[in-house]
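One structure below.
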Amino acid sequence: MSIASVKIKIDGVEVTVPEGTMILRAAKDNGIIIPALCNLEGLTPYGGCRLCVIEINGSSKLFPSCITPVSSGMEITTNSERIKEYRKMVIQMLMAERTHICSVCVADDHCELQAMANKLGVDHVMFERNWSADSIDLTHDFMAIDRNRCILCTRCIRVCDQIEGVHTLDLKMRGKDSEVILDLDNDWSHSCSCTSCRKCAKVCPVGAIYIEGEPIEHSKRKDIAEFILARRNRK
Amino acid sequence: MSVEKKVKVATIWLSGCSGCHMSFLDLDERLIDLAKKIQVVYSPIVDVKEFPEKVDVTLIEGAVANEEQYEMLIKARDRTNILISLGDCAVSGNVTALRNSWRKSDEAVLERAYKDSSDLNAMIPTAVPKLLIKAKPLHEVVKVDFYIPGCPPSADLIYYVLTELLAGRAPVMEGRSKYG
Amino acid sequence: MENGCKVARTGCIGTCSVGPAVLIEPGDYLYQNVTPEKVRDIVRDHIVLGLPVKSMLYKNQAYFQKQHRLVLRNAGKIDPTRIEDYISAGGYAAIAKCLATMTPQGVIYEIKTSGLRGRGGAGFSTGQKWSLVARAQSSPKYVVANLDEGDPGVFANRTLAEADPHAILEGMLIAAYAIGAEKGYIYIRSEYPLAIQTLQKAIAQAKALSLLGENILGIDTFKFNLELRFGAGAFVAGEETAILASVEGRRAMPRPRPPYPANSGLWKKPTLIQNVETLANIPLIIQNGGLWFSKIGTSKCTGTKCFSLTGHVTNPGLIEVPMGITLREVVFDIGGGVPDGRKFKAVLVGGPSGGCLPDTLLELPVDYDSLTKVGAIMGSGGIVVLDDKSCMVDTAKFFTEFCVDESCGKCTPCRAGLIRVEEIFDRITQGNGKIEDISTLEKSGVFIRDMSLCGLGQTAPNPVLTTLRYFKNEYLEHIVDKKCAAGKCFREVKEA
């Protein structure tokens, strides 16, 4: 069974991609990296961080490329002046939302938010920062969560649900009060469902979930979801 | 180049660790080249007492954490053409602003430092400038023209920004704005 | 009573400021502000002696003159707890007509001809939506009615459900027939207990008469089962994909589209989701024809719209007007203008997602496109009138705070952006505004509008952007002069 292909244009370049591919993936496969944070290969797309937005000819709207599939004849712009400006504002809003101080963070130099701010040239945050005093849970022997660093990308929730399958992590409250919690808001040492598989730490883009006592470059592993899925599908 | 034609540069450290100034000094021999084009008219590392008028460029390290620094910042902004936030403390608050997560952090931090952590004669000092309720990055107080993130920013980065400005260009910060 | 006078509780007639109201038929005599003492006079003089008590009658005929009550045709006229009343008022004749004489395609054709657009706020062509779902290839298909009505100060859907629940049920039946659905859900907010009760009763009565369930009206190929599902206190749950998530038992958080619910809705099946006001129009369109409907209102915005008219207005209440009526007619002719000798300042159209419009825009026709052009939205039908004692900065702040509270938290612009906007308003109204705040608010507002995932975030900046556009002088007064002409701001200081 072959999958149909469609011809689309990305930033003026015509490319052929399998039907149904998400625009983010289609771009990557053709050498165009669209910035993204909440997206992770192997997990279902979320469409929440809004970093990966692109413009499609014929519409004044912006579409999240991680969750928008290609269609024949689509003409996509990934990097207009408006998009560039908006991406910088997304980063600024994330940094203003909670306490993000890179110099004292466990993820310094290995953080996707830090790297993205650098790449986009976000040299300051135009908003007054919210100096959050959110909870930190170090009760587990080695799993740690510092909610002051969380950007609510929900990669941890998705990997725990979709790859490990136990769904220990989820959100409580809504809006600005949203928090990633374990089970029914238990602390980590009292979580009855957590298997200590560390996948949440592996996929966390920032220093919110990490492994105590381990260099963070050993704890993080961005391809873990994709890797496991590929092996599962081979059987 | 005559002294009058040199660009007048000032540096200040507010609530910082002076690491950004050390990074500036790490320019090493490039300082000698810079000295041909700039004149340091005020700095904690030279012996000038009063912040002068008509400064071309002022680099400010450190967050604004007390009333004296607040006054200093207003004065510097008033007397400077181009104001640059140097380093993460000036750009974001950084370590200096970690106390902000506590309510009434001006009192809380003094309590912890001078009473809780004290063995002898625990008391809050009175002969020091009053702390602001929150330590702030510079642009929450005055208009800032350029930012150099980093803790500290590398000497290369500081050199890049200064030379771009001397050449009359705005520095391009994509790929150069790494915090931490 | 010996004279054979029937007394019935009915749904609300919409004259909110003069309740309790009593309607006596025949003759359409409406009594206002009725008290137990007045009842004695009314019974003695009007009912027994046949002499209406002129002094107690509702004086304000102008309130009803410019209205055109189609959706609310039965409100106040029938007992909503008796299906017989609905039927004798012509109810369920439309679905009978569909089943007996029309094909699903024929039904969709009439809806398309009518030009009806979704009354939930977006204004998408109803006929086109039905067509998309009907064409979708997979099954089963679903019909979902949106009765979440979360806008503060809006009570049109609620009144419809309490006054004429069967109009909604019949609309859903016709929709189900047209698209090929056998199951439907009414998503209703739990803060509407009377509406819930009324709907439950209506569903049970309809089932008992074979108007719901299996073998509807004896047609063994047509069945439709209906369930109520309840919201749990979230404004965002009124968003169509959030409703779908909630009905599926998940958190009421919107998801990006495409795919659209028409192709992939409840449990990834084709789903038609409509506001209850849209559905209440359907039986009328079938009975009278799409062409008849298309002649009401304007050519691009046909039909009528229900509005909850509130605020500093003499005659607040629930009104229904033809599309294209001007704001001036709504506020002054129907609403009676601003009371207590005060002056009109602004009218808010569209609730917390809407725009604050000044007196220079009073000639604006009320229709989807005209409102969008000036920065407002039709929304679910909230019109709030503000007098000159109101502060527009405070108004924008109030609605921003509402949206901050109600944001689901999924996307960065809405969750992390609106609070920064709220913070700026806090500073401005406490005397710490900076002149740069105006451009920051503008920039942030446009960003949140363009970048948010769902309608909540996309429209949340409307109050901010419209007040900046039409009332900028008030912002300048607050920031530069540290003055609030209306005397509302600079009073409290939020905790640091």
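Throughout, protein chains are lettered first and strands after them, A, B, ... in sequence-line order, and every chain is numbered starting at 1.
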Under 4.5 Å from any heavy atom of chain A - which part of I419(C): side chain
Heavy-atom count around K434(C) NZ within 6.0 Å, excluding the residue itself: above 12? yes
Is it the backbone or the side chain of L51(A) that comes under 4.5 Å from a heavy atom of chain C, or both, or neither? neither
Students often mix this up, so state it plainly: with edges at 30° and 60°, are the rings of Y475(C) and F425(C) parallel, tilted or perpendicular? tilted
P45(A) versus chain C, heavy atoms under 4.5 Å apart: side chain, backbone, both or neither? neither
Applying a strict 4.5 Å limit to non-hydrogen atoms, the region of V90(A) in contact with chain C is both
Is it the side chain or the backbone of Q458(C) that comes within 4.5 Å of chain A heavy atoms, both, or neither? neither
If one checks every heavy atom of V236(C) against chain A at 4.5 Å, the contacting part turns out to be neither
Between R117(C) and D369(C) (salt bridge meaning N to carboxylate O under 4.0 Å), is one present in this structure? yes
Between the side chains of K88(A) and E85(A), is the shortest nitrogen-to-carboxylate-oxygen separation below 4.0 Å, so that they form an ion pair? no
Engaged part of R427(C) at the chain A interface, taking heavy atoms whose separation is under 4.5 Å: side chain
Pick from G409(C), G417(C), S452(C), C408(C): which one has the most heavy-atom pairs with chain A under 4.5 Å? C408(C)
Pick from S178(A), S60(A), C49(A), C38(A): which one has the most heavy-atom pairs with chain C under 4.5 Å? C49(A)
Centroid-to-centroid, F235(C) to F402(C), below 6.0 Å? yes
Approximate separation, where rounding is to 0.5 Å, of R25(A) CZ and N39(A) CG: 10.0 Å
Are R449(C) and E442(C) close enough for a salt bridge, meaning some N to O gap below 4.0 Å? no
Could you look at S444(C) and say if it's the side chain, the backbone, both or neither that has a heavy atom under 4.5 Å from chain A? both
Taking only Lys NZ, Arg NE, NH1 and NH2, and the carboxylate oxygens of Asp or Glu, determine whether K176(A) and E97(A) approach each other closer than 4.0 Å. no
Against chain C, label E128(A) side chain, backbone, both or neither, depending on which of its atoms sit under 4.5 Å from a heavy atom there. both
Could you tell me which portion of N130(A) (side chain, backbone, both or neither) has an atom closer than 4.5 angstrom to a non-hydrogen atom of chain C? both
Value rounded to 0.5 Å, distance of CZ in R149(A) from CD1 in I101(A): 10.5 Å
Non-hydrogen atoms of chain C under 4.5 Å away: do they reach the side chain of M126(A), the backbone, both or neither? side chain
With chain A, the option among R255(C), R420(C), K443(C), E423(C) that has the most non-hydrogen atom pairs under 4.5 Å is R420(C)
